[in-house]
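First the proteins, then the strands, lettered A, B, ... as listed; each starts at 1.
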2 protein chains.
Amino acid sequence: MRKKSKSQKVYDYIEELVISSEIKPGERLPSEAKLGEILNVSRVSVRAGIEKLSAIGLVSKKKGGGTYVNKPKNENYLSVFTPTLLHNTDYLEMMEVRRALDSLSVQLCAKNISEAGVKKLGEIIEHMEHIQSDLDFFDLDKKFHLLISKHSKNRFLHNIHIIIWDVLQKTLRSKYNTVTSSDSHKERIDEHKRIYEAIVGKDEDLARIYTVRHLERIIDTFVCEYNEAYHEAKEQETKK
Amino acid sequence: MRKKSKSQKVYDYIEELVISSEIKPGERLPSEAKLGEILNVSRVSVRAGIEKLSAIGLVSKKKGGGTYVNKPKNENYLSVFTPTLLHNTDYLEMMEVRRALDSLSVQLCAKNISEAGVKKLGEIIEHMEHIQSDLDFFDLDKKFHLLISKHSKNRFLHNIHIIIWDVLQKTLRSKYNTVTSSDSHKERIDEHKRIYEAIVGKDEDLARIYTVRHLERIIDTFVCEYNEAYHEAKEQETKK
DNA sequence: TGATAAAAAGTTGTATTATAGATTATGTTA
DNA sequence: TAACATAATCTATAATACAACTTTTTATCA
C-alpha cells in the first residue's frame with residue numbers, strides 16, 4: 001500500500017471534519033499553524049492540502065481572516081468546467097440519464113407536492129406562453145424541471161438534478177437551443193402542460209409517462225438533426 | 001478590480017497553456033523552478049497554483065518525475081461535485097436514486113458489455129464467495145456495480161455512479177455495513193449472481209428486474225432495522 | 001458609560017533556503 | 001550493445017522570516 005502524502009493527510013482530515021459536521025458550513029477551520037500542530041506536519045503541507053480543498057470549492061480562504069467551510073452551492077464548483085468541452089455524444093448520454101432521473105422525480109413530485117408548489121408550477125407554465133426568446137425558454141424549462149425535482153422531497157435526487165442543469169447551462173446551452181428551437185413553440189409548451197396537469201391530478205404514472213415521452217422527443221429531435229448535420233458534412237467531404 | 005494572487009497567476013498561466021494546446025495531454029509541464037522563473041514568483045506560489053490544478057484533475061504530479069497534463073476526461077471534473085452531495089445526504093434518498101440509475105445502467109450493460117467485461121464480472125462474483133469481512137464485501141459490491149455502469153457505455157451515467165459510490169463510501173459506510181450484515185451472506189451473493197447471469201444471457205429486462213429487486217430488498221431491510229431501532233429508542237424513552 | 005481610535009494578536013500570502021526521496025539522463029564498463 | 005553505476009533533475013517536505021490583511025483587545029476621550 002502506497003503511503004499517503006502529508007498534504008493528503010491534511011485533505012482527508014479536514015474533509016472528515018466537514019462530513020461529520022464537526023465544522024459546519026460558514027464556520028472557520030483551525031488556523032494553518034494549529035492544523036500543522038494537530039497533524040504533526042509543516043505549514044507547507046497544511047497549505048497544500050487546503051489549497052486542494054479550496055480548488056474543489058469545499059472551503060474558501062480569506063487572507064488575514066481564516067479559512068471557512070463553504071455553503072454547498074454549485075456555483076462554487078462550476079468554475080472548473082472551463083477547460084472542458086463536451087461533445088455531441090455527451091449530450092445524448094446526459095439526456096438518457098435525465099430520462100431515468102426525471103421519471104423518478106416527477107413520480108415522487110406528483111405524490112409529495114404541496115398546494116403552493118403546484119401554484120408555482122402553474123405560474124411557470126403561464127410564463128411559458130409569453131416567452132420571446134429561446135434563452136428565456138431555457139430558463140423556464142430549467143425552473144420547471146428543478147421545481148419538480150425539488151418537490152420530489154428527495155434532496156439527493158434534487159442535488160443531482162441541479163448539477164445536471166448547471167452542466168447543461170454551462171456547456172450545452174447553444175446545442176440545447178438548436179434542439180428546442182427547431183420544433184414548434186406550441187408543441188414543447190404543450191408537453192410541459194400535460195406533465196403539469198398530471199401532477200395536479202396526482203397521477204404519478206401519467207406524469208411519468210408524459211415526462212419520458214417529453215425527453216424521448218427531445219432525444220429523437222436531436223438525433224435527427226445530428227444525423228442531418230452528419231450527412232451534410234459527409235456530402236461536403238465527398239465533394240472534395 | 002482586486003489584484004490577482006501569485007498562485008492564481010500560475011494557475012491561469014498553466015490553464016492557458018493547456019487550453020491553447022501549447023502543452024498537450026500527456027506532456028510535461030516546465031519544472032516548478034522554471035515556472036517560478038518565467039512568472040517571477042517563488043516556488044511556493046508555483047506549487048500552490050499547481051496544487052489547485054491537480055485537485056481539479058487537469059494535471060497530475062509525479063514525485064521526482066514532473067507534472068503532466070491529464071487527458072481531458074469528464075470524470076476528472078465531475079468529481080468536484082462530490083462536496084455538494086456530501087451535505088444533506090440521506091441513505092434512503094440515495095438508494096432511491098440508485099434504484100433509478102442502476103436499473104438503467106444494468107439494462108445498457110446487458111446490451112453493450114464485451115466478453116472481457118463479462119469475464120471480469122464473473123471474477124468479482126467468484127471473489128464474493130470467499131470474503132471474510134463486511135468491509136471486503138463493500139469493496140466488491142462497489143466494484144461489481146461500477147463495472148456494470150462502466151459497460152453501460154454511457155460515460156455520464158458512469159460518472160454519476162462513481163460520485164454516488166464515493167459519497168456512499170465517505171458518509172454511509174458504517175450504516176451500509178449494518179444493512180448488509182444483517183441478512184445472510186448467501187442471500188446477498190445470490191442476488192448479485194442472478195444479476196450477473198441475466199447479463200451473461202443478454203436479458204436486459206431480467207437484469208433490470210433483478211437489480212431493482214436487489215435494491216428494494218436493501219431499502220426494505222434498512223427501513224425495518226431503522227424502525228426497530230426507532231422503536232427501541234422510543235421504549236428507552238418511555239422507561240425514563 | 002459609550003463610542004471611537006489605536007494597538008496588539010492572529011491568520012493567510014509570499015519568499016528563501018535546505019534536505020530528502022524519486023525519477024530520468026548520462027556515462028562508463030564489460 | 002547491454003548492464004550497471006552515477007549524476008542531474010524534479011517534486012515533497014520542512015523551518016523560518018516577513019508582508020498584508022483581519023479580528024480582537026485595549027486605551028482614550030467625550
Side-chain angles (χ1 to χ4, degrees), chain A residues 1-18 22-71 76 79, chain B residues 1-18 22-71 76 83:
Chain A
M1 158 125 194
R2 230 176 85 254
K3 215 183 90 185
K4 239 199 303 195
S5 73
K6 307 281 173 100
S7 61
Q8 193 59 39
K9 193 173 163 186
V10 175
Y11 184 103
D12 292 341
Y13 178 77
I14 297 174
E15 190 187 55
E16 178 57 31
L17 283 181
V18 175
E22 277 184 65
I23 306 180
K24 297 185 184 68
E27 290 180 359
R28 200 174 72 174
L29 259 56
S31 72
E32 296 176 352
K34 195 159 286 178
L35 282 168
E37 232 175 77
I38 295 171
L39 296 171
N40 197 30
V41 297
S42 78
R43 220 189 113 199
V44 178
S45 304
V46 173
R47 284 184 60 76
I50 292 182
E51 208 73 55
K52 278 191 203 167
L53 289 166
S54 141
I56 64 171
L58 190 65
V59 303
S60 287
K61 301 194 285 184
K62 262 202 324 188
K63 183 175 178 179
T67 306
Y68 295 80
V69 175
N70 281 337
K71 303 220 170 82
N76 301 331
S79 61
Chain B
M1 157 124 194
R2 229 177 85 252
K3 215 183 91 187
K4 247 200 296 196
S5 75
K6 305 281 175 95
S7 63
Q8 193 60 39
K9 194 173 162 186
V10 176
Y11 184 103
D12 292 342
Y13 178 77
I14 298 176
E15 188 185 44
E16 177 59 31
L17 283 181
V18 175
E22 275 184 65
I23 306 180
K24 296 185 183 66
E27 289 180 359
R28 201 174 70 175
L29 259 56
S31 75
E32 296 178 352
K34 195 159 285 177
L35 282 168
E37 231 175 80
I38 295 172
L39 296 170
N40 197 31
V41 296
S42 79
R43 226 192 99 203
V44 177
S45 305
V46 174
R47 282 184 62 74
I50 292 181
E51 209 75 53
K52 277 192 202 169
L53 290 166
S54 146
I56 65 167
L58 192 64
V59 301
S60 287
K61 301 195 285 184
K62 267 205 313 191
K63 183 174 179 179
T67 306
Y68 294 81
V69 176
N70 282 337
K71 301 210 173 93
N76 296 331

Review point. When the distance from OH of A:Y11 to C1' of D:dT13 is rounded to whole Å, what number comes out?
Key: 20 Å
Practice item. Report the distance from atom CG of B:N40 to atom CD1 of B:I38, rounding to the nearest 0.5 Å. Key: 11.0 Å
Review point. Taking the side chain of A:K63 as heavy atoms from C-beta outward, which of C:dT14, D:dT11, D:dC21 is closest to it?
Key: D:dC21
Check your understanding: CD1/B:I23 to CD/B:E16 distance, rounded to the nearest 0.5 angstrom?
Key -> 11.0 Å
Review point. Nearest-Å distance, CG (B:N40) to P (C:dT14)?
Key: 13 Å
Exercise for review: Name all pairs fulfilling the salt bridge (Lys or Arg N to Asp or Glu O under 4.0 Å) condition that reach into residues 36-56 of chain A, sequence neighbours left out, sorted by first residue then second.
Suggested key: A:E32-A:R43, A:E32-A:R47, A:E51-A:K61
Exercise for review: Please report, rounded to the nearest Å, how far the C1' atom of D:dA12 is from the CD atom of A:E51.
Suggested key: 16 Å
**Study point:** Integer-rounded Å distance: D:dT24 C1' and A:R28 CZ
**Key:** 11 Å
**Study point:** B:Q8 CD to C:dG13 C1', straight-line distance once rounded to whole Å
**Key:** 14 Å
**Study point:** Interatomic distance, A:K6 NZ vs C:dT19 P [rounded to whole Å]
**Key:** 17 Å
Check your understanding: What residues, two or more places apart in sequence or in another chain, satisfy side chain to side chain contact (heavy atoms under 4.5 Å, CB included) together with B:S42?
Key -> B:V44, B:S45
Exercise for review: Scan A:L53, A:V18, A:L17 and name whichever one has a side chain to side chain contact (heavy atoms under 4.5 Å, CB included) with A:V69.
Suggested key: A:V18
Review point. Relative to the 5' end of DNA chain D, which residue comes earlier, A:Y68 or B:K61, by the nucleotide with the nearest heavy atom?
Key: B:K61
Point to revise | Atom-pair distance (NZ on A:K52; C1' on D:dA12), nearest Å | key: 11 Å
Exercise for review: Grab the CD-P distance between A:E32 and D:dC21 for me, whole Å please.
Suggested key: 17 Å
Point to revise | Point-to-point distance, once rounded to the nearest 0.5 Å, from CG of B:L29 to OH of B:Y13 | key: 9.5 Å
Point to revise | Identified side chain to side chain contact (heavy atoms under 4.5 Å, CB included) partner of A:L35 from the options A:V46, A:T67, A:V41 | key: A:V46
**Study point:** Which nucleotide in C:dA15, C:dT24, C:dA22 has an atom nearest any side-chain atom of B:K62
**Key:** C:dT24
**Study point:** Proximity to DNA chain C (any heavy atom under 4.0 Å), residues of residues 42-50 of chain A only
**Key:** A:R43, A:R47
